[in-house]
*Asks:* 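Got a structure here, written out as structure tokens. Questions coming.
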Amino acid sequence: MTLRIYDTMAREKRVFEPQDPKRITVYVCGPTVYNYAHIGNARPPVVFDVLRRLLKDIYGRGSVVFARNITDVEDKIIKSSQETGESIADITRKYADIYNADMASLNVLAPDIEPWATKHIEGMIRIGESLKRKGYAYVTKDGLYFQVDQMDDYGKLSGRRQEDNEAGARVAVDEGKRNPSDFAIWKFAKEGEPDEAIWDSPWGKGRPGWHIECSAMIKAELGDTIDIHGGGIDLQFPHHENEIAQSECAHGETLANYWMHNGFLDMEGEKMSKSLGNVKLVHDLVKDWPGEVLRYALLSGHYRAPLDWTRDLLEQSKTMLDRIYGAYRRVWGDGRPVADDRHGVRDKLMDDLNTPLALAELNALASEANKAADEKNEQAMETVRNMMFDAGQALGLLSKTPMEWEQGGDGDDNARIDALVQARLDARKNKDWAEADRIRDELKTEGIEIMDGAGGATWRRV
Ligand code: AMP
Ligand code: ZN
């Protein structure tokens, strides 16, 4: 089986051929950290987490270098600092931590490298100088600009060339530009802007534009040419187009051999956006739903297609996972399963990350598990248990034991319930039947069922 991925640049699926199978380099544009991530923002990290797991399985754990940056200097962060009076350093640290915790609750593995833009200012300046020296960049009263018509194949990723880069919203209006499509590599500091967002440069004090941040971080952390560059489809133009322009004109090499873009997430049929007031934050969703339910829902559609986020989708995802974990419980043995890859999940992922079909394979495994359990076929039960474990790892699901899944809740709450269950056992030992029944009834009102067994008692949420 070979890995095929849809390359946005080639506009077709291509067999993946790494430059060096011992060091596969992947870069995914990360968050701008000034507020909470919504569930749409979580789609790229989850999708590319599946890709990363797959690459590690194919090429070996140590052979994949996965970088996701933190954009910690940007107009919106400055604005937030000016409005709240909090320092930029405090705002970005706080929201980067929240982001990483939110992603961890969706079983997204921490990146191998997490570069912060402000640690790479020198690299950004070097690229700017090189572009200016080669005649690709010029200085206006507002900053250093990239001159789009100097690059022959500008627009090759998106097929968009003449459109105004102002449409990208992150470029300030500048009358000194030679062409409306020209974009800022460096923006001169304006009156009243915080010192924290001002650096020296050969052209004047100021800060980097958003696109140069990624160009510089990729070069410093991964090299001139990387294997795979990913992000949401909105980044294809202008962000990725402009990363290409800067990097390729500065060093003369292809920036990325494969470009992957995920489709957008809609909210009940509408675009998810703050102005419509229909944004669902990951931070809030994880209070009501297990992280794996959110992940299952995100993976239920193909990553390139738009995904409609609805209450139904969440409920269905929960039902599916309950069924899968229920089957997993029936074939559960002693201790941790041993990975067995004789299942169809990875084959489906090898075809441009076909997660809907991969989830169908996982559901088929659950049916196999139920059959093996019905037949009390110990051998088959062990095999399917190990396959479910391995399939779960490929998808970032089934990270809990079936008992943990059925218990649900958070650690503190589970500890409280464990204590009550133990108190009931103690009451029974002391023949205090009234107290034992009282505890059972109390837990029942919370939707918790106690199951007495030979070795004591376990419990689950019903
Ligand atoms: P931003 O904070 O707007 O730079 O977005 C961070 C990441 O989330 C980018 O990779 C975007 O492409 C992605 N993104 C933002 N909104 C959505 C959405 N509704 N659906 C899918 N991806 C999104
Ligand atoms: Zn980027």
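Numbers here simply count residues along the sequence, with the first being 1. Note that this is a predicted model, so its numbers are computed, not measured. In each ligand, atom 1 is the first atom listed, and ligand 1 is the first ligand listed.
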*Asks:* What I want to find out is whether D182 reaches K177 closely enough, with some N-O distance under 4.0 Å, to be called a salt bridge.
*Replies:*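 Salt bridge absent between D182 and K177.
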*Asks:* Measure the acute angle between the ring planes of H239 and W210, then classify it against the limits of 30° and 60° as parallel, tilted or perpendicular.
*Replies:*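 If you compare the ring of H239 with that of W210, the planes turn out parallel.
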*Asks:* With a 6.0 Å cut-off on the ring centroids, do Y95 and Y36 count as close?
*Replies:*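 They qualify: ring centres under 6.0 Å apart.
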*Asks:* Using a plain distance cutoff, I'd like to know if N41 has any nitrogen or oxygen under 3.5 Å from a nitrogen or oxygen of ligand 1.
*Replies:*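 The answer is yes, given that N41 and ligand 1 share an N or O pair closer than 3.5 Å.
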*Asks:* Do the charged groups of E292 and K400 touch, with an N to O distance under 4.0 Å?
*Replies:*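 Looking at K400 together with E292, the answer is no, because their closest N to O distance does not fall below 4.0 Å.
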*Asks:* Aromatic ring centroids of H240 and H261 under 6.0 Å?
*Replies:*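 Here the rings of H261 and H240 have centres that are less than 6.0 Å from each other.
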*Asks:* Ligand 1 versus L235, non-hydrogen atoms closer than 4.0 Å: side chain, backbone, both, neither?
*Replies:*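 The answer is the side chain of L235.
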*Asks:* Provide the atom name of the closest N, O or S atom of E243 relative to the Zn ion (ligand 2).
*Replies:*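 The nearest such atom is OE2.
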*Asks:* Does at least one non-hydrogen atom of P44 fall below 4.0 angstrom from an atom of ligand 1?
*Replies:*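 For ligand 1, residue contact (heavy atoms, under 4.0 Å) with P44 is present.
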*Asks:* Would you call R207 and E213 a salt bridge, taking side-chain N to carboxylate O under 4.0 Å as the test?
*Replies:*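 The answer is no: the pair does not qualify as a salt bridge.
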*Asks:* Does a side-chain N-to-carboxylate-O contact under 4.0 Å join R329 and E406?
*Replies:*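 Yes, charged N to carboxylate O under 4.0 Å.
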*Asks:* Below a 4.0 angstrom heavy-atom separation, can you tell me which part of D234, side chain or backbone, both or neither, approaches ligand 1?
*Replies:*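 For D234, the contact with ligand 1 is made by the side chain alone.
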*Asks:* Are the aromatic rings of Y258 and H229 close, with centres under 6.0 Å apart?
*Replies:*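 So the answer is no for these two rings.
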*Asks:* Distance check below 2.8 Å: does H211 bring an N, O or S atom to the Zn ion (ligand 2)?
*Replies:*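 Short answer: no, not a single N, O or S atom is under the cut-off.
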*Asks:* Does ligand 1 have an atom under 4.0 Å from some heavy atom of G30?
*Replies:*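 So G30 does not count as touching ligand 1.
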*Asks:* Near L265, which atoms of ligand 1 are under 4.0 Å from a heavy atom of that residue?
*Replies:*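 Answer for ligand 1: 18 (C), 19 (N), 20 (N), 21 (C).
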*Asks:* Angle subtended at the Zn ion (ligand 2) by SG of C214 and SG of C29, to 10 degrees?
*Replies:*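 The SG/SG angle about the Zn ion (ligand 2) sits at 130°.
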*Asks:* Yes or no: does N262 have any heavy atom under 4.0 Å from an atom of ligand 1?
*Replies:*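 N262 counts as a contact of ligand 1 under the 4.0 Å cut-off.
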*Asks:* Mind checking whether G231 has an N or O less than 3.5 Å away from an N or O of ligand 1?
*Replies:*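 In fact, backbone or side chain, G231 has no N or O that close.
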*Asks:* Counting heavy atoms only, which of A42, G263, G40, P45 comes nearest to atom 23 (C) of ligand 1?
*Replies:*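 The residue whose heavy atom sits nearest atom 23 (C) of ligand 1 is G40.
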*Asks:* Any atoms of ligand 1 less than 4.0 Å from a non-hydrogen atom of G232? List them with their elements.
*Replies:*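 Those of ligand 1 that fall under 4.0 Å from G232 are 10 (O), 12 (O).
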*Asks:* Just by distance, do the side chain of Q147 and the backbone of R178 share a donor-acceptor pair under 3.5 Å?
*Replies:*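 The answer is no, because no donor-acceptor pair under 3.5 Å joins these two groups.
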